[in-house]
Amino acid sequence: MAGQTDPHISLFSPQEVEFMAEDELVKIVPNMNMDPLNFISGDFGRFVPQIPTEVPLWLAVALKRRGKCTFRPPEWMTVDNLTQILEAERESQSTFQALPFSYVEIARLLFDHARDDIPDMYMVRSLVEDIRDVRLHKLETNLGSFQGTSAVKISNVSAMEVNLVRPFVRRALEAFYKHDKPEADVDRDTRSSRQQREANNEPRRPLRQR
Amino acid sequence: MKSRSLKLREAHKVGGSAASFCSILWDHKAEHFVTSSSSDPSISVHDGLSPSTLPPTILRHHQDGVTALALSHDSSFLASGSIDHCVKLYKFPSGEFQTNITRFTLPIRVLAFNGSGSLLAAAGDDEGIKLINTFDGSIVRVLKGHKGPVTGLDFHPNGELLASLDSTGSVLCWELQNGIVSYTLKGVGPDTGFNTSIVNILRWSPDGRTLAVPGLRNDVVMYDRFTGEKLFALRGDHLESICYLTWAPNGKYIATSGLDKQVLLWDVEKKQDIDRQKFEERICCMAWKPNGNALSVIDVKGKYGIWESLVPSSMISPTVGIPDIQPKKRNEILDFDEEIEEELYGASESLNDALVDSDDGESYHTSRKRLRKKTFIDDDGDAYEELNDGSSLPSASEYRKKTLRTHKEKHGAGSGAFKSFVATIKYKMQSPFQPGATPMEPGKRTFLCYNMLGCITTIEHEGNSRIETDFHDTGRSPRVSSMIDIYGFTMASINESGCVFANPCKGEKNMSVLMYRPFRSWASNSEWTMRFEGEEVKVVATGSDWVAAVTSLNLLRIFSEGGLQKHIISLDGPVVTAIGCKDQLAVVTHVSDCLPSNEQVMEFRLFNIPRMTQELKGRVALTPGSRLTWLGFSEEGSLSSYDSEGVLRVFTSQYGGSWIPVFSTSKEKKQEENYWVVGLNTTSLYCIACKHPEIFPQVTPKPILTILDLALPLASSDLGAASLENELMLKQLRLYETQRIVDDMALAGVDTTALEDEAFDLEVSQDKCILRLISSCCSSDSFVRASELMKLLTLEKSMRAAITLVTKLKLPFLAEKFSSILEERLLKEANEAITNPSQNPSGEVVTRVESKVQNPPASIQTSANTEAFLKSSATKLSSTTLEKKAKVSEGLKLGKEQTKKDETEDATKKEIKKLNLIKNPVNNVNKEGKGLRKEVNQEEARRSSNPFLKSTV
């Protein structure tokens with residue numbers, strides 16, 4: 001698979017995708033008193049001990065690191081639910097189960113920072129990994145069955161998965177388009193592709209590792 | 001709740017980690033019990049009445065450990081078998097050694113007397129069971145047939161059968177008459193191998209109908225007396241195979257002990273386990289007290305204990321209806337002639353009859369108990385029931401009544417016993433409780449106290465409890481180390497500065513103790529304890545710098561934070577609960593016995609501890625048939641209560657002090673949840689939601705608080721805007737309370753600016769709510785209600801908005817009506833302003849008559865500030881106004897001056913102008929918007945200052 005074998009071809013690095021996922025809201029139970037925080041994205045809080053509140057993931061992680069809150073695991077992150085999803089994923093080859101758009105990243109961050117707040121953590125982790133593997137495999141095989149089209153619709157694909165297949169799919173679709181219209185302007189095509197490559201070859205500033 | 005831990009006492013020393021088989025036996029009158037151990041050559045005869053005080057009589061005749069004990073049916077003889085191959089006979093209870101009645105070549109494992117005591121069966125690692133005549137020691141017969149050591153022997157109650165069990169688990173049933181095996185059950189019991197600390201045991205039921213043998217599947221299997229057919233099995237929660245079992249004297253219960261170190265009590269008829277007890281060591285022998293509801297147990301370490309009242313009092317006592325099968329005392333044995341045989345069978349026949357008879361005689365009694373038991377089991381709310389000493393929720397009581405009724409139908413009303421039963425269901429007064437505590441459960445962590453600040457939890461562990469104190473806010477609050485609790489505290493209360501504990505008195509030795517632990521203290525060792533002799537602490541509470549305890553003598557004792565006994569007050573009723581908050585202490589006491597309609601009669605008092613005043617006193621309002629389950633203060637400091645029917649009430653000063661129901665569980669959508677209240681503020685309720693049928697939260701996982709909006713139990717109105725009505729009523733309530741506080745503070749001369757701002761905000765939001773209600777009234781054509789709402793509006797601005805609203809809704813007649821209401825209001829206010837000129841501060845009058853129209857650029861914000869400023873200034877003397885004025889901007893000053901001028905000199909002129917404005921409100925709003933707003937604001941300012949005129953004039 002293009003995206004997996006060569007990470008530089010995908011548009012965003014996994015770290016970047018994770019960074020974007022940090023804006024997702026999660027539920028935390030603070031153990032401190034704090035007035036509401038006013039951010040550009042909205043107001044969060046007020047924080048009262050033992051009363052759950054929703055905050056962006058990055059804030060939750062920051063608070064958790066300081067021992068100021070505990071996570072409430074998201075509703076989908078239960079052994080029962082994940083087992084069901086995994087089974088459903090395995091059953092149907094063509095459709096994807098509904099999971100949060102950035103479930104991989106959320107799960108990863110929670111596993112890294114909120115080990116003690118997730119019941120059956122190891123079970124949950126292995127289930128999430130299984131689901132991710134199954135879905136990726138399915139996505140790849142599905143892409144293999146592309147017909148000569150100019151559009152593909154797959155619903156419920158998550159951020160990380162989209163990020164992996166996006167460059168390949170786009171190039172594949174472009175190729176289909178080109179072959180469908182042989183009279184298309186060759187010059188313009190090559191020019192655009194060259195520009196694309198230049199853009200991709202720009203040196204990437206690696207994100208700070210956590 | 002019954003304490004389940006059973007303290008064991010050492011009777012025999014068992015060295016090291018070895019497990020040895022120990023035995024325990026009761027004599028037939030329960031005057032003595034006998035213990036022995038396979039690692040101890042001595043036999044101890046304990047006094048059954050006070051085993052702790054009198055030292056046991058020691059019989060030291062054996063050379064090696066005693067493995068078997070048996071008492072004859074009338075307890076005149078004691079037989080003991082030992083590893084030293086001897087069987088000895090003693091007189092009982094004197095313990096006088098009689099004779100070495102027999103000898104084996106290998107250790108003895110089991111002994112049994114027959115019913116008449118004439119025959120002793122002994123068996124062990126030797127091949128064969130010896131039947132010994134106890135009179136002359138002659139061996140009557142040796143029964144051979146077992147393939148391994150025999151570990152279980154039991155004579156059938158009528159004396160004609162002997163059942164034996166070997167360590168491989170095979171059961172043989174012998175006919176004593178001829179010594180032949182009537183049936184063999186091969187390998188039905190667990191194979192114990194060569195472990196001598198376990199014996200396979202079997203027991204005939206006291207009525208002789210069934211034989212109980214431990215099964216292979218951790219169960220007890222019942223076999224038929226004659227055929228050896230399997231009848232049924234008792235299977236339950238034993239995790240490992242059963243190593244001992246014993247029938248209750250009446251055969252209705254059976255106690256089993258398993259290798260999993262627990263003892264289970266079974267109801268044989270229902271084939272169900274009733275109760276269980278866990279032990280640290282395996283229990284290897286048990287014996288029912290023949291005349292009481294008690295089971296004595298001994299473990300493999302030689303420690304014995306007596307499990308008192310193990311059969312719940314709701315069930316038939318194990319000593320009731322003991323089948324009376326006394327085989328005739330016979331000197332000659334085993335030469336059964338036909339006559340005797342007949343007699344025996346006859347006896348068993350009559351036994352059956354007798355059983356049936358006694359059943360009949362007993363049936364009333366039994367069924368009654370059953371029914372009571374049933375009410376206990378079937379009712380989901382029985383946690384409450386227990387909490388309230390068996391008095392109950394309406395559902396439970398209803399159920400009970402129902403069962404009573406059916407009972408009545410069955411047995412007729414004439415029964416005297418029945419009448420006495422009716423008398424016993426009189427509803428009880430609620431027992432004392434600690435707000436925010438959950439009932440104790442053995443082996444589980446429970447809350448002693450949970451409030452908005454933190455919690456105190458306790459868990460019992462090896463006789464001691466471990467108490468942990470946690471604050472919800474871990475950042476700001478002190479970290480409190482956990483504490484080993486040697487007193488067994490059951491009550492606690494926590495606040496910012498410290499926590500207080502108390503325990504009830506348990507018997508004579510353990511006095512009730514009150515203990516206080518401050519969290520922040522400059523001196524070390526500032527914990528203190530108080531002991532109470534002949535008095536029991538029922539409820540504790542803390543506040544700032546004081547600790548209160550209410551005792552069984554109805555004394556309210558108040559201590560200082562350092563432990564000084566400050567006040568003792570006699571309360572006029574038994575306490576229900578108490579709670580402290582800052583300076584205030586609320587105590588709820590019973591006024592009288594519970595009403596026949598199951599309503600508690602309780603009274604509360606609110607004390608101010610530092611001022612030594614009683615601020616409030618009144619009855620506690622409760623839903624009929626419910627119990628008070630929580631008492632506390634809202635964040636704003638008003639007293640609140642929650643009852644078992646799920647109604648939250650707040651005490652307000654409205655209507656001369658009344659309870660207002662601000663929340664009702666029945667109005668909530670989620671019926672499958674029970675709410676355990678923790679706290680509240682003016683708009684919402686903080687509680688822990690417990691999944692039905694749980695009533696109390698668990699300590700782990702840490703519960704989180706759920707916020708529920710307060711919702712008055714409003715009737716379903718045709719308006720269909722219940723939420724708005726609810727909001728309005730809550731806001732009115734809040735506004736009322738705020739204004740009351742402001743009045744109080746103003747009287748006391750305290751600065752009230754902040755609260756007045758709050759009151760103003762409340763007025764604004766209340767008006768918004770009313771406007772929405774007006775619109776929904778208009779859409780449902782209830783115009784009278786709309787005009788009533790119009791009158792409720794407080795701000796002139798919102799009244800104008802209402803007029804605009806109805807105009808837009810194309811209701812001109814309503815708009816007219818509204819305008820006239822507004823006119824009236826303005827006229828009234830103008831009059832008031834004229835009659836009360838004294839509110840104006842002296843001087844400072846600027847003669848700029850037309851300024852308000854010509855000088856529009858005062859922004860909305862400025863005018864808002866002006867209002868706030870004016871409000872405060874109106875209530876104060878001119879000096880403060882002057883002081884304040886220095887701080888505010890020129891614009892504000894202008895606004896203020898205008899107002900004053902208006903109020904004094906220009907009142908009439910203004911009035912005319914206003915009336916003009918009212919005539920065509922919409923146009924005015926559009927045309928001279930800002931000027932108008934200013935006008936409105938001035939009006940508001942004056943009006944809102946009116947309530948305080950009384951105080952200043």
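Because only heavy atoms are used, hydrogens play no part in the values below, and waters and symmetry mates are left out as well, while side chains stay in. Here is the naming used below: chain letters follow the sequence lines, and residue numbers restart at 1 for every chain.
- Scanning both residues, A/Val29 and B/Ile704, for their nearest heavy atoms gives CG2-CG2, 3.6 Å.
- Residue B/Tyr686 touches chain A through its side chain alone, counting heavy-atom pairs closer than 4.5 Å.
- Separation of atoms OG1 (B/Thr706) and CD (A/Gln50) is listed at 11.0 Å; rounding is to 0.5 Å.
- No more than 12 heavy atoms of other residues, nucleotides or ligands shown are found within 6.0 angstrom of CZ on A/Arg72.
- Using a 4.5 Å cut-off between heavy atoms, B/Pro701 makes no contact with chain A at all.
- Heavy atoms of A/Arg66 lying under 4.5 Å from chain B are absent altogether.
- Taking CG from A/Asp117 and NZ from B/Lys702, the interatomic distance works out to 11.0 Å, rounded to the nearest 0.5 Å.
- Contact tally against chain B (heavy-atom pairs below 4.5 Å) for A/Pro49, A/Gly67, A/Pro30: the top residue is A/Pro49.
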